[in-house]
Amino acid sequence: MAEKKDKLSTERIHPGVKEMEKSLADGKCSRREFLRTTTLLGISVTTAYGLASAILGKDILPDLISTAHAAQKKGGVLKWGMQVMEMADPATYSWTEKSIVARNIVEYLVETGPDNITRPNLAESWEASDDLKTWIFHLRKGVKWSNGDDFGADDVVFNFTRWLDPKTGSSNLGLFNAMLEETGKKDKKGNPIKRMIKNAVEKVDAHTVRLNLKSAVLSIPENLYNYPTAIVHRNFAKEGGDLSKNPVGTGPYALSDFKVGEIAVLKKRKAPYWGDEAFLDEIRFIDLGQDAGAYLAAIASKQVDGIYMLDLTTLQAAKSIPGIKVVSIPSTQTGVIRMKVNKKPFDDVRVRKAVQKCCDVERQLKIAHQGLGVVAEHHHVASIHPEYFKLPALKQDIAGAKKLLKEAGYPDGIELTCNVGNTDGVWEQNSVAVLKEDCAKAGINIKMNVMPSAQYWDVWTKAPMSLTSWTHRPLAVMVLGLAYRAGVPWNESSYNNPKFDAALDEAEATLSVKDRQVKMEKVEKILQNDAVLVQPFFRSVFTAISENVVGFEMHPTRYYLFRKVSLA
Amino acid sequence: MVLLLLKRIGFMIFTMIIVSMILFMLLETGLTGDPATRVLGNFASDEQKELWRDQHGYNQMVVVRYAKWLGNFATGDLGTSIRYKGPVKEVLLPRLWNTAILGFWTFAIMIPLSLTLGVLSGMKEGSLLDRGISVFGILTTSVPEFASAVFFSALFVFGLKWLPGTSSMASGFEFKQLILPAMVLVVYDFGYVARMTRASMAEVMTSQYIRSAVLKGLPYRQVIIRHALRNALIAPFTVIMLQINWLLSGVIVVEFFFAYKGFGALLLEASLNNDIALLEACAMVAVVVAVSSQTLADIGYTFLNPRIRFS
């Protein structure tokens, strides 16, 4: 397995590892945080577990006991029910489903597992400078592209350069802000236009790449498993820029048939694969449309062996069907009812705060998501994020909301329209409906505009008020950087607060978990006080697999990998 | 007859042109959003969008664009689908074929069944058989497709486990997968056609010439087959031809529910994804089928009933 192949990734041990050892010994950080942070700093997972065991004086076992085992059978065809979407350019993906097909063909430099620990993948090891501003990635040797070319530094440099070119339209711009500089120009919305800093990514030799950051960032390895960061061949753009038509990859499977809306067929790669041999001969992703009931019917009648997701409307039914295993995992997936701060009436923070004050988070979780999840505090940082700082709970305050509305010039109430696309299920619509009921008590009349999920993505960054479903990210700084940093493509609320950006930069650069939590207090408070979003809860996620599926690991971001999966 | 045919074809073309104009105005003139944004995505710069508009003729006058669009359409160039990233024709034709298969089996079961039961019912108006068939027909027609689809799924997929739950045909054509969607369509449509046939048959059975035939001493079977049926089937023929139009919209729900990759599901996907070229093609196909089937019905009517003449 991959972990066996890991070696102590670098001769040099980052001083942060020593700090973390001390923190663990002093009880200032959890075992989980120790493992997570030390692996980010470049030591192997095996070593990290060894260190933790030695410090705590007992054997530390992985959180996630894999269901995979030595007796897994080779061969067979796995049928997976999931929407099959166009998947031309991995850098611009905005649906996880696209990456699930693609991640078996093209791969990532690292892999962040369901336990949120980041492991080597195409990068065999990495090391960070003491100030976390320089990162060196040692790439795995002997990896071949499916067209016979050697994988190397040129491929990685090409990908970074492409991601950070604003013309590509990749959301990765928000993740690697420390590699960008302002051009001095502004776009039509007044946001600064950025470009990649010269030499931000450097080829050191054929299998070594260096990233030079303008500010310290700890989450660089984790960022490299965000779904639009799959590594494509260095000639990807020259050869048409379409993975579905020219599926050159380093992964264990090759694309053999692809029809949007119908089917994607992956066959085990014929050329030798650098990792352990995959078990399945073939994976068939079968598109059953957008009706959750169709997916349940398909798995119940054994037409598919697993499905992408179970939503709340089919969850209870799935539990009662024999032969089906319902798999769930806590996650930081959430619905964010965000308000565009540069559009009326949301350009007035008092209006935003009034809406926020109307929200009853407990009631939201209970009604909209059947209580399956944890309540949130309107700042998009979850209690399962390592850097979470607990702020006092925000209680519903109708009188306060009325007062703010009056001050803002709406003594008789206000009419608002909230768009919702149910992109991850009808719980989104239910969440807006609950908010509508609560807001009505303060004289805020929310008109709910329910739209088809695909059409929602046409307006998600434009609508003055809408609910967007955000997927899980292992670190809060990742999602905050993607969604609230000034000028980044996925900043749907058009939030622009230099104080917030600076506080986030500072938190990103802090190694010690305790210190980072303290710095996150400021970040969370700014976001909460600016009332950019109403975010009532983080939700648990579910899927269903047949009992004959072995080795499947549920992932909080649904980054499903099938190379360890087999059929009984 | 030739004049009649020419008139009908002329009317057919006229209708299609009018519908195409309405479609073009609705979908291609920015009424439903900026086409450049739809194609290039939300992150495209204004320069990129402007370049795209220029390259694709969106800066030309609407009339010029419509003429070009119609010309392309008439010559078989249906444009490129945004969702499927390929020519619309390549997506549309297999889907139409799939719906034709579903439609064929639906009609192959529904027409003989509803005509037989309708005739039996109409032959003895007020009998127990007549009442039974009528009640059953009303009942099935009253239940919408989405409800009967859920009911049949619960029974045959989750309960008895006899049939597959979806009809995606992902591993090639399998007749078993066609049963549930066809069953839903047959059950919904059967009642309507059977009741129309019954009404027509009952009316014929009370007519003077049938009474004369009976009084003349002709065997009952001969009266039914040679005299009653031919006249009684004129009205159901029109109804059946109308069912082709109904099928095109009726399959949307059924194909969506059972994930059948047909024309109905494609029309819905095109609409949900703002895939304008695909939506235009689907809408035009629906219009062509509707107008053509009506024209065929009109012509067929004259053959069935020589008393009817068109001036």
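Per chain, numbering begins at 1; letters A, B, ... match sequence-line order. What's counted below: heavy atoms across the whole structure, side chains too, no hydrogens, waters or symmetry copies.
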Can you tell me which portion of [X] sits under 4.5 Å from chain A's heavy atoms? Options are side chain, backbone, both or neither.
| X | answer |
| --- | --- |
| Q177(B) | side chain |
| S271(B) | backbone |
| L266(B) | neither |
| Y84(B) | both |

Legend entry - Pairwise distance OG1(T106(B)) to CE(M183(B)) - rounded to 0.5 angstrom: 11.5 Å
Legend entry - From W95(A) atom CH2 to I100(A) atom CD1, the distance as rounded to the nearest 0.5 Å: 12.0 Å
Inset, instruction - Answer yes or no: is there a donor N or O on one side and an acceptor on the other, between the side chain of E492(A) and the main chain of T461(A), under 3.5 Å? - result: no
Legend entry - Aromatic contact, F146(B) with F256(B) (centres under 6.0 Å): no
Inset, instruction - Measure centre to centre between the rings of Y192(B) and W246(B), then say whether the value is under 6.0 Å. - result: no
[options]: which one forms the most heavy-atom pairs within less than 4.5 Å of chain B?
| options | value |
| --- | --- |
| G261(A), G289(A), A88(A), A300(A) | G261(A) |
| A294(A), G293(A), A297(A), A317(A) | A297(A) |
| K79(A), Q290(A), K245(A) | Q290(A) |

Which atoms of [X] are under 4.5 Å from chain B, going by heavy atoms: the side chain, the backbone, both sets, or neither?
| X | value |
| --- | --- |
| L296(A) | both |
| D287(A) | both |
| L288(A) | both |
| Q303(A) | side chain |

Inset, instruction - Show the numbers, then the answer: is there a side chain to side chain donor-acceptor pair (under 3.5 Å) between D77(B) and T75(B)? - result: CA-CA 6 Å; D77(B) 178 4; T75(B) 52; over 6 Å; no
Inset, instruction - May I ask you to decide if the ring planes of F24(B) and W69(B) are parallel, tilted or perpendicular, using 30° and 60° as cut-offs? - result: tilted
Legend entry - Aromatic plane relationship, W490(A) with Y227(A) - under 30° parallel, 30 to 60° tilted, over 60° perpendicular: tilted
Inset, instruction - Specify which of E269(B), R83(B), K161(B) makes the most heavy-atom pairs with chain A at under 4.5 Å. - result: R83(B)
